[in-house]
Number of protein chains: 2
Amino acid sequence: MQEQTDPPDEPSPGLVSTAIQAITQHIRSEGLAPGDPLPSEAAMTRQLNVSRTVVREAFRSLSAMRLIDMSAGRRATVAKLDTGAMSMVIEHGITTQQISVQQVYDVRRTIEMRTVALAALRRTDQEAAAIARSARQMRESFRNPEAVMEHDIAFHEAIAAASHNPVFSLIVTAFSGVTRRTWVIGWRTRSSDEAQLKMIKGHEDIADAILKGDPRLAAEHMAEHFDKSVKALLDAGIA
Amino acid sequence: MQEQTDPPDEPSPGLVSTAIQAITQHIRSEGLAPGDPLPSEAAMTRQLNVSRTVVREAFRSLSAMRLIDMSAGRRATVAKLDTGAMSMVIEHGITTQQISVQQVYDVRRTIEMRTVALAALRRTDQEAAAIARSARQMRESFRNPEAVMEHDIAFHEAIAAASHNPVFSLIVTAFSGVTRRTWVIGWRTRSSDEAQLKMIKGHEDIADAILKGDPRLAAEHMAEHFDKSVKALLDAGIA
DNA sequence: GAATAACAACCTGTCATACAGGTTTTCAGG
DNA sequence: CCTGAAAACCTGTATGACAGGTTGTTATTC
């Protein structure tokens, strides 16, 4: 047996990985911006001296991560920042039970305490209105849980957007998928109309604080909201 | 010009997307755990009634996101949670200038204020030791910036690990790539030995607070550390 | 001369086939 | 029971083919 455990050489990263790197490298070195076109598969095939199969798998992989956009007939283009890949990672973690819903909520709470404060400080009037509108729509569609949930999600994403930091938006949006799977449970735990309306009131309070531009108050309401949500999930027996 | 911006209909999700969904669906419905094997490409080909090309591109895409592990001769297996995809998304955002380094630091600060507090509360003795060790190694390799950086990164990742919430680990680790690209700039801004040693002292203070199990103190030191780091980057003209 | 329609060139999407190597299973021989 | 080699299966890569979408060019027509 050799004393080397594995570090001396990676036998071969594989041609596809190499191609992926070449493409991302191309984006970097050419300073491409979203919407800019990438080389065609044929061109990449010649440049890397590999088969089209390999190049295609590389393009397809980047497309799956939403780093590039592909469509038939057109060349691939650099993509705008998108949640796609991150959502899939989180979903994968949840479905394979490597992370728990509660852990996701802890992260969400941490992040949204910040986004809500930033939103209070940096929101435009339009953004404040959009946030308030989502809260209002929650109340209006009160009898339709599905709709309440979608407005709830939109509410949190709107706050993240108003933080004016796309990284926060990215992360918050990535968690929306998980929310869609657990939201109803929390809703049902709030058995009475009163409890459910109180939860909606919580959202309105947050929206008001953002409108008023009071980051402290906004964060307080957000914290309260999350604490109650987590409690609701725990009561329902979500690990 | 049509009034429709884009939503009317997705003409066809494409066979590959369908295949990707089928595979993730398989993982979900079969309740597969990390390490469990997936169907072979041939089996998937038959099941979905598409060519091997399509199935392969689907597998490869999931592999690129590190949701599955592939290697020659063996069937693909469900992967352990990994930062791969998330890192690439962040990197893509940075290189295409859709997000700024400063924005990443804001997110890091937000998250690590929490991880450090959780670490102080939940760390095992072993974890506390690992954190302290990284801080010590920073001081020991003081004359070798590259090494200091790697120990710095390991330090933050160790804290995230000690938070016992893999989602935090995931995010913190995803940012490490960005750190590797900007760390040296901050280091050089601390022109004197004194300033550099003070920065290392900051890390030791954090490690101490975690060892003592004092979440408040730990968070305070972490906040201070980030504020200084951001200041250093701003002084260096990083947008 | 300008609008337009047909066409050519190029590009991606999918399929079929082939073969080189790696991995697991099987099974014959000891 | 153990061993070792062949067989069966699997993934990695290459090649060629064709359908269908997109774009730029050219020829036709008004």
Side-chain angles (χ1 to χ4, degrees), chain A residues 1-2 6 8-24 26-27 30 32 35-79 84, chain B residues 1-2 4 6 8-23 26-27 30 32 35-79 84:
Chain A
M1 50 186 85
Q2 299 118 288
D6 98 87
D9 67 323
E10 339 164 13
S12 102
L15 298 190
V16 175
S17 302
T18 307
I20 290 177
Q21 267 200 299
I23 297 167
T24 56
H26 176 89
I27 294 175
E30 297 288 303
L32 299 188
D36 290 348
L38 276 73
S40 72
E41 293 174 3
M44 221 42 162
T45 293
R46 281 190 299 273
Q47 184 190 320
L48 298 179
N49 208 40
V50 294
S51 73
R52 191 183 158 207
T53 308
V54 169
V55 172
R56 247 195 96 65
E57 288 186 11
F59 271 95
R60 183 65 80 174
S61 294
L62 292 173
S63 167
M65 286 187 273
R66 309 282 199 109
L67 302 191
I68 67 176
D69 290 323
M70 294 174 78
S71 71
R74 271 196 291 259
R75 299 232 299 254
T77 60
V78 176
Chain B
M1 48 189 88
Q2 300 117 287
Q4 37 171 63
D6 97 86
D9 69 319
E10 345 164 9
S12 102
L15 298 189
V16 176
S17 301
T18 308
I20 290 178
Q21 267 199 298
I23 297 168
H26 175 89
I27 294 175
E30 298 288 303
L32 298 189
D36 290 349
L38 277 70
S40 73
E41 293 174 3
M44 222 42 161
T45 292
R46 281 190 299 274
Q47 184 189 321
L48 298 179
N49 207 43
V50 293
S51 72
R52 191 184 160 206
T53 306
V54 169
V55 171
R56 245 195 99 65
E57 288 186 12
F59 270 94
R60 182 66 80 171
S61 294
L62 292 173
S63 167
M65 286 186 273
R66 309 284 199 108
L67 302 191
I68 66 176
D69 290 323
M70 296 174 76
S71 71
R74 270 195 291 259
R75 300 232 297 251
T77 59
V78 176

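Every chain is numbered from 1 and lettered A, B, ... according to where its sequence line falls, protein lines coming before strand lines. Heavy-atom basis, side chains included; hydrogens, waters and symmetry copies ignored. Keep in mind the model is a prediction, meaning the values are calculated, not measured.
In this entry the distance linking CZ of F59(B) with C1' of dG12(D) reads 14 Å, nearest Å. Per the geometry, CG belonging to L15(A) stands 13 Å off P belonging to dG21(C), to the nearest Å. If you take CG of D69(B) and C1' of dT11(D), they are 14 Å apart, rounded to a whole angstrom. Between the CZ atom of R75(B) and the P atom of dA8(D) there is a distance of 18 Å, given to the nearest Å. Taking atom CD1 of residue I20(B) and atom P of nucleotide dT14(C), one finds them 11 Å apart after rounding to whole Å. What separates CE of M70(B) from P of dT23(C) is a distance of 14 Å, to the nearest Å. Distance E41(A) CD to dA14(D) C1': 15 Å, rounded to the nearest Å. If you measure from atom CZ of R52(A) to atom C1' of dT12(C), you get 6 Å, rounded to the nearest angstrom.
Annotation for R66(B): atom CZ does not count as buried by contact number, only 12 or fewer foreign heavy atoms lying within 6.0 Å.
Not a single donor-acceptor pair, N or O on each side, falls under 3.5 Å between the base of dG13(C) and the side chain of R60(A).
Side-chain atoms of R60(B) and R60(A), non-hydrogen and from C-beta on, never get closer than 4.5 Å to each other. A 4.5 Å side-chain heavy-atom check between T45(A) and V50(A) finds every atom pair outside the cut-off. Considering only heavy atoms from C-beta on, M44(A) comes within 4.5 Å of Q47(A) through its side chain. Side-chain atoms of I68(A) and L38(A), non-hydrogen and from C-beta on, do get closer than 4.5 Å to each other.
Contact annotation: R56(B) side-chain N/O to dG12(D) OP1/OP2 distance is under 4.0 Å.
One axis for each end of the helix from dG1(C)-dC30(D) to dG30(C)-dC1(D), each built from five base pairs, and the angle between them comes to 10° at 10° resolution.
When every heavy atom of P39(A) is checked against every heavy atom of H26(A), the shortest pair comes out as CD-NE2, 3.6 Å.
S40(B) comes within 4.0 angstrom of sugar-phosphate atoms only, judged by non-hydrogen atoms across all strands, and of no base.
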Could you give the side-chain donor-acceptor pairs of residues 15-24 of chain A under 3.5 Å, partners two or more places apart or in another chain?
residue : atom : partner : partner atom : Å
S17(A)  : OG   : P13(A)  : O            : 3.0
T18(A)  : OG1  : G14(A)  : O            : 3.0
T24(A)  : OG1  : I20(A)  : O            : 3.3
T24(A)  : OG1  : Q21(A)  : O            : 2.9

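Taking every side-chain heavy atom of E57(A) into account, dT13(D) is the closest of dT13(D), dG12(D), dG13(C).
The nearest heavy atom of DNA chain D to S71(B) and to R74(A) marks one nucleotide each, and the one closer to the 5' end goes with S71(B).
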